Amino acid sequence: MKSDCIVIGAGYSGLAAASLLAKQGFSCTLLEKHTAIGGCASFFRRMKFSFDVGATTLSGVQKHQPLGKLFDVLQISPELKQLDPAMIIYLDDKKIIRYQDKKQWIQEAESHFGKKGQAAFWNEIYAIDNAIWQLMDKNPEFPPSNIKDVFTIASRLSNIKALPLLVQLFRPMDILLEKHGLHHNALFKRFINEQLLISTQSFSDSAPIVTGAMGLAYPSETYYPIGGIVKPAQLMLDSFRKHNGTLIMKEEIVKIKNTSSGEYAVYTAKGNEYTCTYLISSIPIWNLSDITSDSTIHPKAQSYAESFPKAWGAFTVYFAVESDFMPQSVYNQVHTKSTIPHCEGDSFFMTYSMSDDIKKAPQGWHTITISTHTEASQWFDIPQDIYEQKKQETLTFIMNEVHRIFPELEHAPKEYIEAGTPVTFAHYTGRHRGFVGGIPHSVETGFLGLPRNNDGLQNFYHIGDTAFPGQGTPAVIMSAMNAVQKIVKHNHTVI
Ligand SMILES: Cc1cc2nc3c(=O)[nH]c(=O)nc-3n(C[C@H](O)[C@H](O)[C@H](O)COP(=O)(O)OP(=O)(O)OC[C@H]3O[C@@H](n4cnc5c(N)ncnc54)[C@H](O)[C@@H]3O)c2cc1C
(Lines give C-alpha, C1' and ligand atoms only; values in the text may rest on other atoms or scores of the structure.)
Protein backbone atom coordinates (compact mmCIF):
# COMPACT_ATOMS: atom_id res chain seq x y z
CA MET A 1 0.00 0.00 0.00
CA LYS A 2 1.42 3.40 -0.99
CA SER A 3 0.60 6.82 0.51
CA ASP A 4 2.15 10.27 0.58
CA CYS A 5 2.69 9.96 4.33
CA ILE A 6 2.91 7.19 6.87
CA VAL A 7 2.63 8.05 10.55
CA ILE A 8 3.82 5.42 13.03
CA GLY A 9 1.83 5.39 16.29
CA ALA A 10 -1.58 6.81 17.17
CA GLY A 11 -0.74 8.57 20.44
CA TYR A 12 -1.34 12.31 20.81
CA SER A 13 1.60 13.28 18.58
CA GLY A 14 0.90 10.74 15.84
CA LEU A 15 -2.79 11.64 15.72
CA ALA A 16 -2.01 15.35 15.60
CA ALA A 17 0.46 14.93 12.73
CA ALA A 18 -1.79 12.54 10.80
CA SER A 19 -4.91 14.70 11.14
CA LEU A 20 -3.05 17.86 10.10
CA LEU A 21 -1.44 16.15 7.09
CA ALA A 22 -4.76 14.67 5.96
CA LYS A 23 -6.37 18.10 6.28
CA GLN A 24 -3.62 19.49 4.04
CA GLY A 25 -4.64 16.98 1.38
CA PHE A 26 -1.87 14.41 1.77
CA SER A 27 -2.89 10.78 1.49
CA CYS A 28 -1.98 9.47 4.90
CA THR A 29 -1.81 6.07 6.61
CA LEU A 30 -1.61 5.87 10.39
CA LEU A 31 -0.30 2.58 11.76
CA GLU A 32 -0.88 1.67 15.42
CA LYS A 33 0.26 -1.50 17.17
CA HIS A 34 -2.35 -1.50 19.94
CA THR A 35 -6.12 -2.04 19.88
CA ALA A 36 -6.83 1.47 21.22
CA ILE A 37 -5.57 4.92 20.24
CA GLY A 38 -3.98 7.43 22.64
CA GLY A 39 -0.75 5.72 23.75
CA CYS A 40 0.24 7.12 27.16
CA ALA A 41 -2.92 9.25 27.01
CA SER A 42 -5.22 6.31 26.36
CA PHE A 43 -7.85 4.57 28.48
CA PHE A 44 -9.07 1.14 29.46
CA ARG A 45 -12.51 -0.05 30.46
CA ARG A 46 -13.65 -2.28 33.29
CA MET A 47 -17.37 -2.88 32.89
CA LYS A 48 -19.10 0.47 33.59
CA PHE A 49 -15.84 2.33 34.33
CA SER A 50 -13.32 4.09 32.12
CA PHE A 51 -9.79 4.76 33.41
CA ASP A 52 -7.13 7.09 31.99
CA VAL A 53 -3.99 4.95 31.70
CA GLY A 54 -1.38 7.66 32.29
CA ALA A 55 -1.88 11.30 31.33
CA THR A 56 -4.98 12.94 32.81
CA THR A 57 -4.34 16.70 32.77
CA LEU A 58 -4.49 19.05 29.82
CA SER A 59 -2.79 22.42 29.59
CA GLY A 60 -1.54 24.61 26.74
CA VAL A 61 -5.04 25.01 25.28
CA GLN A 62 -5.05 28.79 24.89
CA LYS A 63 -5.30 30.09 21.32
CA HIS A 64 -1.53 30.71 20.97
CA GLN A 65 -0.60 27.39 22.58
CA PRO A 66 -0.21 24.00 20.87
CA LEU A 67 -3.50 22.33 21.79
CA GLY A 68 -5.46 25.54 21.26
CA LYS A 69 -3.96 25.95 17.79
CA LEU A 70 -4.53 22.31 16.87
CA PHE A 71 -8.19 22.37 17.93
CA ASP A 72 -8.60 25.58 15.98
CA VAL A 73 -7.05 24.27 12.76
CA LEU A 74 -8.94 20.98 12.91
CA GLN A 75 -12.11 22.78 14.02
CA ILE A 76 -12.69 20.39 16.86
CA SER A 77 -14.02 21.33 20.28
CA PRO A 78 -13.25 18.80 22.99
CA GLU A 79 -15.33 19.19 26.11
CA LEU A 80 -12.80 20.69 28.55
CA LYS A 81 -13.40 22.15 31.98
CA GLN A 82 -10.89 24.70 33.20
CA LEU A 83 -10.22 24.13 36.87
CA ASP A 84 -9.85 26.69 39.61
CA PRO A 85 -8.15 25.73 41.82
CA ALA A 86 -6.05 24.11 39.14
CA MET A 87 -4.43 21.64 41.50
CA ILE A 88 -4.06 20.95 45.23
CA ILE A 89 -0.76 19.91 46.78
CA TYR A 90 -0.80 18.02 50.07
CA LEU A 91 2.54 18.62 51.79
CA ASP A 92 2.96 17.54 55.44
CA ASP A 93 -0.10 19.03 57.15
CA LYS A 94 -0.51 21.73 54.51
CA LYS A 95 -3.05 21.93 51.76
CA ILE A 96 -1.52 24.19 49.11
CA ILE A 97 -3.97 25.54 46.58
CA ARG A 98 -2.70 26.35 43.08
CA TYR A 99 -5.12 29.11 42.16
CA GLN A 100 -5.44 30.05 38.54
CA ASP A 101 -5.11 33.75 39.38
CA LYS A 102 -1.42 34.65 39.75
CA LYS A 103 -1.86 37.18 42.54
CA GLN A 104 -4.01 34.80 44.52
CA TRP A 105 -1.46 32.03 44.00
CA ILE A 106 1.43 34.24 45.17
CA GLN A 107 -0.51 35.11 48.34
CA GLU A 108 -1.17 31.41 48.87
CA ALA A 109 2.52 30.57 48.37
CA GLU A 110 3.52 33.34 50.82
CA SER A 111 1.13 32.00 53.43
CA HIS A 112 2.83 28.58 53.32
CA PHE A 113 6.46 29.36 52.51
CA GLY A 114 6.94 32.85 53.97
CA LYS A 115 6.91 36.22 52.22
CA LYS A 116 10.59 36.34 51.35
CA GLY A 117 11.21 36.12 47.62
CA GLN A 118 7.91 34.51 46.64
CA ALA A 119 6.37 37.36 44.63
CA ALA A 120 9.58 38.10 42.71
CA PHE A 121 10.23 34.40 42.06
CA TRP A 122 6.76 33.66 40.71
CA ASN A 123 6.59 36.85 38.65
CA GLU A 124 9.82 35.81 36.98
CA ILE A 125 8.53 32.26 36.44
CA TYR A 126 5.37 33.50 34.71
CA ALA A 127 7.31 36.05 32.62
CA ILE A 128 9.73 33.38 31.34
CA ASP A 129 6.88 30.97 30.67
CA ASN A 130 5.02 33.58 28.65
CA ALA A 131 8.11 34.62 26.69
CA ILE A 132 9.13 31.07 25.79
CA TRP A 133 5.65 30.14 24.52
CA GLN A 134 5.68 33.22 22.30
CA LEU A 135 9.18 32.47 21.07
CA MET A 136 8.30 28.89 20.12
CA ASP A 137 5.04 30.02 18.57
CA LYS A 138 6.84 32.40 16.20
CA ASN A 139 9.79 30.13 15.41
CA PRO A 140 8.87 26.65 14.17
CA GLU A 141 12.55 26.24 13.16
CA PHE A 142 13.52 26.37 16.84
CA PRO A 143 15.87 24.74 17.83
CA PRO A 144 17.87 25.22 14.62
CA SER A 145 18.91 22.01 12.84
CA ASN A 146 21.02 23.71 10.18
CA ILE A 147 22.53 27.02 9.19
CA LYS A 148 19.42 28.00 7.22
CA ASP A 149 17.31 27.67 10.39
CA VAL A 150 19.83 29.80 12.30
CA PHE A 151 19.54 32.58 9.72
CA THR A 152 15.75 32.38 9.63
CA ILE A 153 15.50 32.68 13.42
CA ALA A 154 18.13 35.42 13.55
CA SER A 155 16.33 37.41 10.85
CA ARG A 156 13.19 37.85 12.95
CA LEU A 157 13.65 41.14 14.79
CA SER A 158 11.21 40.16 17.53
CA ASN A 159 13.63 37.43 18.61
CA ILE A 160 16.23 39.95 19.79
CA LYS A 161 14.14 40.60 22.91
CA ALA A 162 14.30 36.90 23.72
CA LEU A 163 18.09 36.66 23.65
CA PRO A 164 18.49 36.87 27.47
CA LEU A 165 16.34 33.74 27.67
CA LEU A 166 19.05 31.74 25.94
CA VAL A 167 21.27 32.04 29.00
CA GLN A 168 18.52 30.52 31.12
CA LEU A 169 18.67 27.36 29.04
CA PHE A 170 22.03 26.55 30.53
CA ARG A 171 21.37 27.47 34.16
CA PRO A 172 19.57 25.20 36.61
CA MET A 173 16.48 26.23 38.55
CA ASP A 174 18.56 26.33 41.75
CA ILE A 175 20.16 29.54 40.48
CA LEU A 176 16.78 31.24 40.26
CA LEU A 177 15.90 30.01 43.74
CA GLU A 178 19.17 31.45 45.02
CA LYS A 179 18.57 34.76 43.23
CA HIS A 180 15.32 35.16 45.16
CA GLY A 181 16.76 33.97 48.47
CA LEU A 182 14.77 30.75 48.40
CA HIS A 183 17.52 28.13 48.16
CA HIS A 184 17.63 27.55 51.93
CA ASN A 185 13.86 27.34 52.26
CA ALA A 186 13.71 23.55 52.70
CA LEU A 187 9.92 23.24 52.61
CA PHE A 188 9.68 25.33 49.45
CA LYS A 189 12.41 23.27 47.77
CA ARG A 190 10.51 20.06 48.52
CA PHE A 191 7.42 21.62 46.99
CA ILE A 192 9.31 22.88 43.92
CA ASN A 193 11.15 19.62 43.34
CA GLU A 194 8.01 17.50 43.19
CA GLN A 195 6.26 20.06 40.96
CA LEU A 196 9.28 19.97 38.63
CA LEU A 197 9.36 16.19 38.64
CA ILE A 198 5.81 15.94 37.26
CA SER A 199 6.56 18.48 34.52
CA THR A 200 10.24 18.56 33.50
CA GLN A 201 10.95 15.06 34.92
CA SER A 202 13.94 16.49 36.79
CA PHE A 203 14.78 18.35 39.99
CA SER A 204 15.85 21.94 40.66
CA ASP A 205 19.56 21.13 40.55
CA SER A 206 19.32 20.05 36.91
CA ALA A 207 16.09 21.42 35.36
CA PRO A 208 16.99 24.36 33.09
CA ILE A 209 15.35 27.62 34.21
CA VAL A 210 13.49 27.96 30.90
CA THR A 211 11.74 24.60 30.94
CA GLY A 212 11.53 24.66 34.73
CA ALA A 213 9.54 27.89 34.46
CA MET A 214 7.15 26.28 31.99
CA GLY A 215 6.83 23.30 34.30
CA LEU A 216 6.12 25.44 37.34
CA ALA A 217 3.62 27.68 35.54
CA TYR A 218 1.50 24.85 34.13
CA PRO A 219 -0.03 23.70 37.46
CA SER A 220 -1.87 27.03 37.66
CA GLU A 221 -3.72 26.35 34.43
CA THR A 222 -5.23 22.90 34.08
CA TYR A 223 -8.12 21.56 32.06
CA TYR A 224 -10.11 18.42 32.76
CA PRO A 225 -11.23 16.59 29.61
CA ILE A 226 -14.76 15.31 30.15
CA GLY A 227 -14.92 11.58 29.45
CA GLY A 228 -11.16 11.14 29.75
CA ILE A 229 -8.00 12.32 28.06
CA VAL A 230 -8.63 10.06 25.08
CA LYS A 231 -11.64 12.17 24.03
CA PRO A 232 -9.60 14.92 22.27
CA ALA A 233 -7.60 12.11 20.62
CA GLN A 234 -10.84 10.60 19.31
CA LEU A 235 -11.81 13.97 17.82
CA MET A 236 -8.42 14.18 16.08
CA LEU A 237 -9.13 10.72 14.66
CA ASP A 238 -12.59 11.82 13.46
CA SER A 239 -10.98 14.75 11.64
CA PHE A 240 -8.32 12.45 10.16
CA ARG A 241 -10.98 10.10 8.80
CA LYS A 242 -13.11 12.97 7.52
CA HIS A 243 -10.13 13.96 5.38
CA ASN A 244 -9.74 10.45 4.00
CA GLY A 245 -6.98 9.29 6.34
CA THR A 246 -6.60 5.56 6.92
CA LEU A 247 -5.98 4.19 10.41
CA ILE A 248 -4.86 0.57 10.67
CA MET A 249 -4.84 -0.86 14.18
CA LYS A 250 -2.92 -3.88 15.47
CA GLU A 251 -0.22 -3.13 12.92
CA GLU A 252 3.19 -3.03 14.60
CA ILE A 253 6.11 -1.69 12.57
CA VAL A 254 9.13 -3.92 12.98
CA LYS A 255 11.41 -2.64 10.22
CA ILE A 256 11.99 0.53 8.22
CA LYS A 257 13.97 0.56 4.97
CA ASN A 258 14.80 2.99 2.18
CA THR A 259 13.58 1.97 -1.25
CA SER A 260 15.57 2.27 -4.45
CA SER A 261 13.22 5.04 -5.63
CA GLY A 262 14.06 7.25 -2.64
CA GLU A 263 10.96 6.42 -0.62
CA TYR A 264 10.46 4.62 2.67
CA ALA A 265 9.09 1.12 3.15
CA VAL A 266 7.81 -0.04 6.52
CA TYR A 267 7.23 -3.68 7.41
CA THR A 268 4.87 -4.93 10.08
CA ALA A 269 4.82 -7.89 12.46
CA LYS A 270 1.99 -9.35 10.36
CA GLY A 271 4.23 -9.29 7.28
CA ASN A 272 2.57 -6.33 5.55
CA GLU A 273 4.51 -3.68 3.64
CA TYR A 274 3.59 -0.01 3.25
CA THR A 275 5.50 2.62 1.29
CA CYS A 276 5.46 6.40 1.43
CA THR A 277 7.25 9.60 0.49
CA TYR A 278 7.17 11.18 3.96
CA LEU A 279 7.68 9.03 7.03
CA ILE A 280 6.72 10.38 10.46
CA SER A 281 7.61 8.33 13.52
CA SER A 282 6.00 9.08 16.88
CA ILE A 283 7.61 6.19 18.74
CA PRO A 284 10.38 6.87 21.26
CA ILE A 285 13.91 7.30 19.99
CA TRP A 286 15.05 3.98 21.56
CA ASN A 287 12.34 2.05 19.69
CA LEU A 288 13.20 3.88 16.49
CA SER A 289 16.82 2.86 16.78
CA ASP A 290 15.76 -0.80 17.12
CA ILE A 291 13.76 -0.89 13.86
CA THR A 292 15.92 1.23 11.56
CA SER A 293 19.13 -0.78 11.30
CA ASP A 294 18.61 -1.21 7.53
CA SER A 295 17.90 2.45 6.78
CA THR A 296 19.59 5.83 6.53
CA ILE A 297 17.73 6.87 9.69
CA HIS A 298 19.72 4.51 11.87
CA PRO A 299 22.98 6.40 12.59
CA LYS A 300 21.08 9.42 13.91
CA ALA A 301 18.49 7.37 15.82
CA GLN A 302 21.18 5.21 17.36
CA SER A 303 23.29 8.19 18.34
CA TYR A 304 20.30 9.83 20.07
CA ALA A 305 19.37 6.57 21.79
CA GLU A 306 22.92 6.31 23.12
CA SER A 307 23.12 9.98 24.13
CA PHE A 308 19.89 9.72 26.13
CA PRO A 309 20.04 6.19 27.52
CA LYS A 310 17.43 6.61 30.24
CA ALA A 311 14.07 8.04 31.16
CA TRP A 312 11.65 7.52 34.02
CA GLY A 313 9.20 4.69 34.40
CA ALA A 314 5.73 5.13 35.88
CA PHE A 315 4.00 3.21 38.64
CA THR A 316 0.25 3.63 38.32
CA VAL A 317 -2.75 2.75 40.47
CA TYR A 318 -6.35 2.61 39.29
CA PHE A 319 -9.60 2.08 41.19
CA ALA A 320 -13.28 2.95 41.13
CA VAL A 321 -14.90 4.23 44.30
CA GLU A 322 -18.52 4.74 45.30
CA SER A 323 -18.70 7.96 47.30
CA ASP A 324 -20.43 11.35 47.56
CA PHE A 325 -17.06 12.80 48.48
CA MET A 326 -15.46 15.17 45.97
CA PRO A 327 -11.98 16.56 46.75
CA GLN A 328 -11.53 20.30 46.31
CA SER A 329 -9.74 19.61 43.02
CA VAL A 330 -9.77 16.80 40.51
CA TYR A 331 -5.96 17.05 40.39
CA ASN A 332 -4.04 16.33 43.58
CA GLN A 333 -0.34 16.00 44.23
CA VAL A 334 0.20 14.11 47.47
CA HIS A 335 3.58 14.28 49.22
CA THR A 336 3.98 10.97 50.99
CA LYS A 337 5.10 10.46 54.59
CA SER A 338 8.17 8.59 53.39
CA THR A 339 9.61 7.56 50.05
CA ILE A 340 7.22 5.31 48.14
CA PRO A 341 8.59 1.73 48.04
CA HIS A 342 10.34 0.92 44.75
CA CYS A 343 9.74 4.47 43.53
CA GLU A 344 11.95 7.53 43.38
CA GLY A 345 9.69 10.52 44.02
CA ASP A 346 8.23 11.54 47.37
CA SER A 347 4.81 12.24 45.91
CA PHE A 348 2.14 10.83 43.66
CA PHE A 349 -0.37 12.51 41.38
CA MET A 350 -4.01 11.53 41.84
CA THR A 351 -6.82 12.35 39.43
CA TYR A 352 -10.37 11.92 40.72
CA SER A 353 -13.10 11.93 38.10
CA MET A 354 -15.77 14.63 38.37
CA SER A 355 -19.10 13.72 39.93
CA ASP A 356 -21.05 14.44 36.76
CA ASP A 357 -18.56 12.81 34.37
CA ILE A 358 -20.73 9.80 33.70
CA LYS A 359 -18.62 8.81 30.71
CA LYS A 360 -15.95 7.76 33.22
CA ALA A 361 -18.11 6.36 36.01
CA PRO A 362 -21.85 6.05 36.70
CA GLN A 363 -23.57 8.50 39.06
CA GLY A 364 -22.29 8.12 42.62
CA TRP A 365 -19.01 6.56 41.47
CA HIS A 366 -15.60 7.98 40.52
CA THR A 367 -12.61 6.51 38.70
CA ILE A 368 -9.16 7.33 39.99
CA THR A 369 -5.79 7.27 38.26
CA ILE A 370 -2.63 7.70 40.32
CA SER A 371 0.90 7.89 38.98
CA THR A 372 4.38 8.27 40.38
CA HIS A 373 7.97 8.02 39.15
CA THR A 374 9.94 4.81 39.37
CA GLU A 375 13.31 3.67 38.11
CA ALA A 376 12.17 1.50 35.22
CA SER A 377 14.85 -1.19 34.98
CA GLN A 378 14.17 -2.58 38.48
CA TRP A 379 10.83 -4.01 37.22
CA PHE A 380 12.34 -6.06 34.40
CA ASP A 381 14.20 -9.37 34.40
CA ILE A 382 13.15 -10.38 37.92
CA PRO A 383 11.26 -13.54 38.99
CA GLN A 384 7.48 -13.22 38.71
CA ASP A 385 6.87 -13.68 42.45
CA ILE A 386 9.33 -10.89 43.32
CA TYR A 387 7.72 -8.65 40.71
CA GLU A 388 4.24 -9.29 42.15
CA GLN A 389 5.47 -8.73 45.69
CA LYS A 390 7.09 -5.38 44.82
CA LYS A 391 3.99 -4.31 42.96
CA GLN A 392 1.78 -5.20 45.93
CA GLU A 393 4.04 -3.33 48.39
CA THR A 394 3.90 -0.16 46.31
CA LEU A 395 0.16 -0.46 45.73
CA THR A 396 -0.55 -1.00 49.45
CA PHE A 397 1.62 1.96 50.44
CA ILE A 398 -0.11 4.27 47.96
CA MET A 399 -3.61 3.14 48.99
CA ASN A 400 -2.75 3.76 52.66
CA GLU A 401 -1.56 7.25 51.76
CA VAL A 402 -4.78 7.89 49.81
CA HIS A 403 -6.75 6.98 52.94
CA ARG A 404 -4.52 9.17 55.14
CA ILE A 405 -5.16 12.22 52.97
CA PHE A 406 -8.78 11.41 52.09
CA PRO A 407 -10.19 9.49 55.10
CA GLU A 408 -13.63 9.79 53.45
CA LEU A 409 -12.51 7.12 50.99
CA GLU A 410 -11.16 4.57 53.44
CA HIS A 411 -14.36 2.58 53.93
CA ALA A 412 -16.06 3.51 50.68
CA PRO A 413 -16.84 0.56 48.35
CA LYS A 414 -14.10 0.11 45.75
CA GLU A 415 -13.78 -1.94 42.60
CA TYR A 416 -10.94 -2.85 40.25
CA ILE A 417 -7.98 -1.82 42.41
CA GLU A 418 -5.17 -2.44 39.95
CA ALA A 419 -1.58 -1.31 39.44
CA GLY A 420 0.69 -0.78 36.44
CA THR A 421 4.48 -0.77 36.24
CA PRO A 422 6.99 0.02 33.48
CA VAL A 423 6.45 -3.58 32.33
CA THR A 424 2.76 -2.76 31.81
CA PHE A 425 3.59 0.39 29.81
CA ALA A 426 6.15 -1.51 27.72
CA HIS A 427 3.50 -4.14 26.96
CA TYR A 428 0.64 -1.82 25.98
CA THR A 429 2.46 1.13 24.40
CA GLY A 430 5.52 -0.74 23.16
CA ARG A 431 7.77 1.85 24.81
CA HIS A 432 11.33 0.58 25.23
CA ARG A 433 11.92 -0.56 28.85
CA GLY A 434 8.67 1.19 29.81
CA PHE A 435 10.37 4.60 29.54
CA VAL A 436 7.66 7.27 29.65
CA GLY A 437 7.34 11.03 29.93
CA GLY A 438 10.10 11.80 27.43
CA ILE A 439 13.71 12.68 28.05
CA PRO A 440 14.23 14.42 31.40
CA HIS A 441 15.23 18.05 30.88
CA SER A 442 18.59 18.91 32.35
CA VAL A 443 21.27 21.53 31.91
CA GLU A 444 23.79 18.74 31.27
CA THR A 445 21.99 17.27 28.26
CA GLY A 446 20.59 20.65 27.29
CA PHE A 447 17.10 21.51 26.10
CA LEU A 448 18.42 22.43 22.67
CA GLY A 449 20.27 19.13 22.49
CA LEU A 450 17.03 17.12 22.53
CA PRO A 451 16.47 15.05 19.37
CA ARG A 452 15.29 17.26 16.50
CA ASN A 453 12.23 16.31 14.53
CA ASN A 454 14.17 16.54 11.31
CA ASP A 455 17.92 16.21 11.21
CA GLY A 456 18.47 16.72 7.55
CA LEU A 457 17.23 13.18 6.93
CA GLN A 458 15.43 13.09 3.62
CA ASN A 459 11.65 13.19 4.25
CA PHE A 460 11.89 11.62 7.69
CA TYR A 461 10.45 13.25 10.83
CA HIS A 462 10.64 12.18 14.46
CA ILE A 463 7.87 13.52 16.71
CA GLY A 464 6.52 12.76 20.19
CA ASP A 465 7.91 13.07 23.68
CA THR A 466 11.49 12.10 22.78
CA ALA A 467 11.66 14.84 20.12
CA PHE A 468 12.08 18.54 20.87
CA PRO A 469 10.46 20.14 22.90
CA GLY A 470 9.85 17.01 24.94
CA GLN A 471 7.33 16.13 27.58
CA GLY A 472 3.60 16.36 28.00
CA THR A 473 0.75 16.62 25.53
CA PRO A 474 1.33 20.30 24.57
CA ALA A 475 4.97 19.57 23.75
CA VAL A 476 4.24 16.46 21.67
CA ILE A 477 1.54 18.33 19.75
CA MET A 478 4.05 21.10 19.09
CA SER A 479 6.57 18.60 17.72
CA ALA A 480 3.86 17.22 15.41
CA MET A 481 2.84 20.69 14.20
CA ASN A 482 6.46 21.67 13.54
CA ALA A 483 7.01 18.50 11.50
CA VAL A 484 3.85 19.05 9.46
CA GLN A 485 4.81 22.65 8.77
CA LYS A 486 8.19 21.46 7.44
CA ILE A 487 6.58 18.76 5.29
CA VAL A 488 4.10 21.22 3.78
CA LYS A 489 6.90 23.67 3.03
CA HIS A 490 9.07 20.94 1.52
CA ASN A 491 6.22 19.64 -0.60
CA HIS A 492 5.56 23.11 -2.01
CA THR A 493 9.23 23.44 -2.87
CA VAL A 494 9.45 20.14 -4.73
CA ILE A 495 6.24 20.34 -6.77
C1 LIG B 1 1.77 8.07 34.04
C2 LIG B 1 1.83 9.24 33.09
C3 LIG B 1 1.19 10.43 33.42
C4 LIG B 1 1.24 11.51 32.55
N5 LIG B 1 0.54 12.64 32.85
C6 LIG B 1 0.44 13.62 31.94
C7 LIG B 1 -0.50 14.67 32.12
O8 LIG B 1 -1.26 14.68 33.09
N9 LIG B 1 -0.55 15.64 31.15
C10 LIG B 1 0.23 15.60 30.03
O11 LIG B 1 0.13 16.49 29.19
N12 LIG B 1 1.10 14.59 29.83
C13 LIG B 1 1.21 13.60 30.74
N14 LIG B 1 2.02 12.54 30.51
C15 LIG B 1 2.87 12.55 29.31
C16 LIG B 1 2.05 12.25 28.06
O17 LIG B 1 1.20 11.17 28.29
C18 LIG B 1 2.97 11.91 26.92
O19 LIG B 1 3.99 12.88 26.80
C20 LIG B 1 2.25 11.84 25.58
O21 LIG B 1 1.00 11.22 25.71
C22 LIG B 1 3.14 11.08 24.63
O23 LIG B 1 2.53 11.01 23.38
P24 LIG B 1 3.32 10.42 22.13
O25 LIG B 1 2.42 10.50 20.99
O26 LIG B 1 4.64 11.08 22.04
O27 LIG B 1 3.68 8.91 22.52
P28 LIG B 1 2.78 7.68 22.96
O29 LIG B 1 1.64 8.14 23.77
O30 LIG B 1 3.71 6.69 23.56
O31 LIG B 1 2.19 7.13 21.60
C32 LIG B 1 2.93 6.31 20.74
C33 LIG B 1 1.98 5.34 20.05
O34 LIG B 1 2.75 4.52 19.18
C35 LIG B 1 2.31 3.17 19.28
N36 LIG B 1 3.45 2.33 18.89
C37 LIG B 1 4.56 2.07 19.60
N38 LIG B 1 5.40 1.29 18.89
C39 LIG B 1 4.81 1.06 17.70
C40 LIG B 1 5.19 0.34 16.53
N41 LIG B 1 6.36 -0.31 16.44
N42 LIG B 1 4.33 0.31 15.48
C43 LIG B 1 3.14 0.97 15.54
N44 LIG B 1 2.73 1.66 16.62
C45 LIG B 1 3.56 1.72 17.68
C46 LIG B 1 1.90 3.03 20.73
O47 LIG B 1 1.01 1.95 20.92
C48 LIG B 1 1.26 4.40 21.00
O49 LIG B 1 -0.11 4.39 20.69
C50 LIG B 1 1.98 11.43 31.35
C51 LIG B 1 2.64 10.24 31.01
C52 LIG B 1 2.54 9.15 31.86
C53 LIG B 1 3.20 7.87 31.47
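Remember, it's 1-based here, ligands and their atoms both numbered in the order they're listed. Quick caveat, the model's predicted, so the values are computed rather than measured.
At a 4.0 Å heavy-atom cut-off, ligand 1 touches Ile8 through the side chain alone.
A cation-pi arrangement is absent between Lys95 and Tyr90 under the rule of less than 6.0 angstrom and at most 45 degrees off the ring axis. In this structure, Arg433 satisfies the cation-pi test against Phe380, with its NZ or CZ atom closer than 6.0 Å to the six-membered ring centre and inside 45 degrees of the ring normal. Within the cation-pi definition used here (under 6.0 Å to the ring centroid, within 45° of the axis), Arg98 qualifies as a partner of Trp105. Both tests pass for Lys300 against the ring of Tyr304: distance under 6.0 Å to the centre and angle within 45° of the axis.
For atom 3 (C) of ligand 1, the candidate residues are Gly464, Gly472, Ala480, Gly54; the nearest heavy-atom contact is made by Gly54. When the options Thr429, Thr57, Val476 are ranked by their closest heavy atom to atom 37 (C) of ligand 1, first place goes to Thr429. When the heavy atoms of Glu252, Glu32, His432 are ranked by distance to atom 33 (C) of ligand 1, first place goes to Glu32.
Inclusion of Arg431 in the set of residues having an N or O under 3.5 Å from an N or O of ligand 1 is warranted. Backbone and side-chain nitrogen or oxygen atoms of Thr473 are examined, and one is located within less than 3.5 angstrom of a nitrogen or oxygen of ligand 1. The shortest N or O to N or O distance between Asp465 and ligand 1 is under 3.5 Å. Ligand 1 has a nitrogen or oxygen under 3.5 angstrom from a nitrogen or oxygen of Ser13.
Side chains of Thr429 and Lys33: no donor on one and acceptor on the other come within 3.5 Å.
Taking every heavy atom of Ser371 and a limit of under 4.0 angstrom, the matching atoms of ligand 1 come to 1 (C). Of all the atoms in ligand 1, the ones that sit under 4.0 Å from a non-hydrogen atom of Gly38 are 29 (O). Within ligand 1, the atoms closer than 4.0 Å to a non-hydrogen atom of Leu31 are 43 (C), 44 (N), numbered from 1 in the order shown. Every atom of ligand 1 is numbered from 1 in the order shown, and the set under 4.0 Å from a heavy atom of Val436 is 53 (C). Proximity to Gly39 (heavy-atom distance under 4.0 Å) selects the following atoms of ligand 1: 29 (O), 31 (O), 48 (C), 49 (O).
Between Tyr278 and Phe26, the ring-plane angle classifies as perpendicular under the 30° and 60° cut-offs. The aromatic rings of Phe49 and Trp365 are tilted relative to each other, their planes meeting at an angle between 30° and 60°. The aromatic rings of His432 and Phe435 stand perpendicular to each other, their planes meeting at an angle above 60°, with 30° marking the opposite boundary. A tilted orientation is assigned to the rings of Tyr331 and Tyr224, their planes being inclined by 30° to 60°.
Taking the six-membered ring where the residue is Trp, the centroids of Phe319 and Tyr416 are separated by 6.0 Å or more.
In this structure, Asn287 falls outside the shell of residues with a heavy atom less than 4.0 angstrom from ligand 1.
Nearest protein heavy-atom neighbour of atom 31 (O) of ligand 1: Gly11 CA, 3.5 Å. Atom 34 (O) of ligand 1 has as its closest protein heavy atom Gly9 CA, 3.2 Å. Nearest protein neighbour of atom 29 (O) of ligand 1, counting heavy atoms only, is Cys40 N, 2.8 Å. Regarding atom 44 (N) of ligand 1, its nearest protein heavy-atom neighbour is Lys33 N, 3.2 Å. Of the protein's heavy atoms, Ile283 CG2, 3.7 Å lies nearest to atom 36 (N) of ligand 1. Protein heavy atom closest to atom 5 (N) of ligand 1, with residue, atom name and distance, is Ala55 CA, 3.2 Å. Looking only at protein heavy atoms, the nearest one to atom 40 (C) of ligand 1 is Ile253 N, 3.7 Å.
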Side chains of residues 66-80: which donor-acceptor partners sit under 3.5 Å, not counting sequence neighbours?
residue	atom	partner	partner atom	Å
Lys69	NZ	Asp137	OD1	2.2

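With a 4.5 Å cut-off on side-chain heavy atoms, Glu393 and His342 count as touching.
Residues that satisfy the side-chain contact (heavy atoms from CB on, under 4.5 Å) test with Ile248, not counting sequence neighbours, are Met1, Thr29, Leu31, Thr246, Glu251, Tyr274.
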